[in-house]
Amino acid sequence: DPYYLAQKAQELGYNPEIILSGRRINESMGKFVADEVIKALIQNEFAIKNAKVLILGITFKENCPDIRNTGVISVIDRLNEFGVNITIYDPWANATEVKDEYGIESLSSIPNAKFEAIVLAVSHNEFIKLNLDKLKKNSKTVVYDVKGVLQKYTHKL
């Protein structure tokens, strides 16, 4: 835990600024990712309000059902500020736990819809093999690969 490490450093008389700087950067990544998706939607001439955005993954890490401390929530929160219509799909997450913990719906099966943006937030094995073309609204659909595992769908701004 970086906060514990920072506290211990302070107790020993050291300035933990580097540790705390790393935490601040890490904690701001959700906002950064969401803002990049919004910029890409604008660049691709999609309306932001009510844009259909698919978030692939809500768990803390890949191929694991643990949703505690997931950074994906900060991406969702920021996208909600822009008024987009978010669908979350995670075959690993327990939908009831997600609803109880975060108050949001999570699908356990692939949605039957087309999206203006797809955000690969967690690199579950199922997502790496997924044919995203079936989920894309058109050729301008934004695919934002947070983990950098989809070579076919890299989005350049």
Side-chain angles (χ1 to χ4, degrees), residues 1-3 20-150 152-157:
D1 181 5
Y3 293 115
L20 295 174
S21 293
R23 284 302 320 155
R24 282 191 297 272
I25 290 169
N26 199 29
E27 290 170 357
S28 68
M29 286 309 295
K31 178 184 180 303
F32 173 81
V33 168
D35 288 352
E36 291 297 302
V37 170
I38 295 299
K39 288 178 195 175
L41 284 166
I42 292 167
Q43 180 181 345
N44 288 1
E45 302 175 348
F46 286 114
I48 302 305
K49 184 84 170 156
N50 295 318
K52 292 176 72 176
V53 177
L54 174 63
I55 306 283
L56 294 174
I58 195 165
T59 62
F60 178 73
K61 65 180 184 175
E62 66 277 351
N63 307 319
C64 174
D66 191 357
I67 61 168
R68 295 172 297 161
N69 300 315
T70 178
V72 181
I73 295 302
S74 61
V75 176
I76 293 166
D77 289 345
R78 179 65 173 173
L79 287 172
N80 277 329
E81 290 177 22
F82 288 95
V84 301
N85 182 358
I86 298 173
T87 300
I88 301 161
Y89 165 55
D90 193 323
W92 284 85
N94 180 305
T96 303
E97 286 180 20
V98 173
K99 180 72 171 174
D100 291 347
E101 183 70 23
Y102 300 109
I104 56 178
E105 302 291 328
S106 175
L107 303 177
S108 55
S109 61
I110 193 76
N112 186 19
K114 302 286 185 181
F115 298 90
E116 284 88 14
I118 301 169
V119 178
L120 178 74
V122 182
S123 57
H124 295 315
N125 290 341
E126 292 89 341
F127 298 158
I128 296 168
K129 301 170 190 171
L130 192 62
N131 181 358
L132 297 182
D133 290 329
K134 293 180 180 180
L135 298 167
K136 294 169 71 176
K137 181 174 185 175
N138 58 39
S139 63
K140 290 186 174 189
T141 294
V142 174
V143 177
Y144 196 94
D145 181 4
V146 174
K147 299 295 184 176
V149 296
L150 299 175
K152 179 179 177 183
Y153 297 101
T154 54
H155 179 77
K156 306 246 188 305
L157 291 177

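Fair warning: this is a prediction, and the values are worked out from it, not measured in the lab.
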Measuring from atom OG of Ser106 to atom NZ of Lys99, what distance do you get when rounded to the nearest 0.5 angstrom?
11.0 Å
Is it true that Glu126 and Trp92 share a donor-acceptor pair across their side chains at a distance under 3.5 Å?
yes
Lys114 atom NZ: more than 12 heavy-atom contacts under 6.0 Å:
yes
Go through the steps to decide whether Glu101 and Ile67 satisfy the test side-chain contact (heavy atoms from CB on, under 4.5 Å), and finish with yes or no.
CA-CA 9 Å; Glu101 183 70 23; Ile67 61 168; 4.0 Å; yes
If you count heavy atoms of other groups shown closer than 6.0 angstrom to CG of Asn112, is the number above 12?
no
How long is the span from the CD atom in Glu97 to the OH atom in Tyr102, to the nearest 0.5 Å?
10.0 Å
Quick one: are Val98 and Asn94 in side-chain contact, heavy atoms under 4.5 Å?
no
Over 12 foreign heavy atoms within 6.0 Å of CZ, Phe60
no
N/O donor-acceptor pair under 3.5 Å between Thr141 side chain and Asn138 backbone:
yes
Hey, does Val84 have a side-chain heavy atom less than 4.5 Å from the side chain of Leu79?
yes
Taking salt bridge (Lys or Arg N to Asp or Glu O under 4.0 Å) as the test, write out the residues that go with Lys31, two or more places apart.
Asp35
Rounded to the nearest 0.5 Å, what separates atom OG1 in Thr87 from atom CG in Leu54?
6.5 Å
Within the side chain of Thr70, is there an N or O that forms a donor-acceptor pair under 3.5 Å with the backbone of Ile58?
yes
Taking side chain as C-beta onward, heavy atoms only, is Ser108 less than 4.5 Å from Tyr89?
no
Side-chain heavy atoms of Ile73 within contact of Ile104, under 4.5 Å:
yes
Output yes when a side-chain donor or acceptor of Asn44 lies under 3.5 Å from a complementary backbone atom of Lys140, and no otherwise.
yes
Side-chain (His124) to main-chain (Glu62) donor-acceptor, under 3.5 angstrom
no
Under the criterion side-chain contact (heavy atoms from CB on, under 4.5 Å), I'd like the reasoning laid out for Ile110 against Leu130: C-alpha separation, chi angles, the key distance, then a yes or no.
CA-CA 10 Å; Ile110 193 76; Leu130 192 62; 3.8 Å; yes
Closest non-hydrogen contact found for Phe127 with Val122 is CD1-O, 3.0 Å
Looking only at heavy atoms, what is the nearest atom pair of Ser74 and Gly30, with distance?
OG-CA, 3.2 Å
Let's go through Asp100 and Thr96 carefully: what are the C-alpha distance in whole Å and the side-chain angles of both, what is the deciding distance for side-chain contact (heavy atoms from CB on, under 4.5 Å) to 0.1 Å, and is it a yes or a no?
CA-CA 6 Å; Asp100 291 347; Thr96 303; 3.7 Å; yes
I need the minimum non-hydrogen distance between Pro111 and Leu135, along with the two atoms involved.
O-CD2, 3.6 Å
Out of Asp90, Val119, Leu132, which one pairs with Leu56 under the side chain to side chain contact (heavy atoms under 4.5 Å, CB included) rule?
Leu132
Ile55/Val72 under side-chain contact (heavy atoms from CB on, under 4.5 Å): CA gap, chis, key distance, verdict:
CA-CA 9 Å; Ile55 306 283; Val72 181; 3.8 Å; yes
Spacing of Ile48 atom CD1 and Ile42 atom CD1 [to the nearest 0.5 Å]:
4.5 Å
Please answer whether the main-chain N or O of Asn50 pairs with a side-chain N or O of Asn85 as donor and acceptor at a distance below 3.5 Å.
no
If you measure from CZ on Arg78 to CD1 on Ile76, what distance do you get to the nearest 0.5 Å?
14.5 Å
Give a yes or no answer on whether the side chain of Glu116 reaches the backbone of Lys52 with a donor-acceptor pair at less than 3.5 Å.
yes
For Val149 and Ser123, which heavy atoms make the closest approach, and how far apart are they?
CG2-CB, 3.9 Å
Report yes or no: is the cationic atom of Lys137 (NZ for Lys, CZ for Arg) under 6.0 Å from the centre of the six-membered ring of Phe115, at an angle within 45° of the ring normal?
no
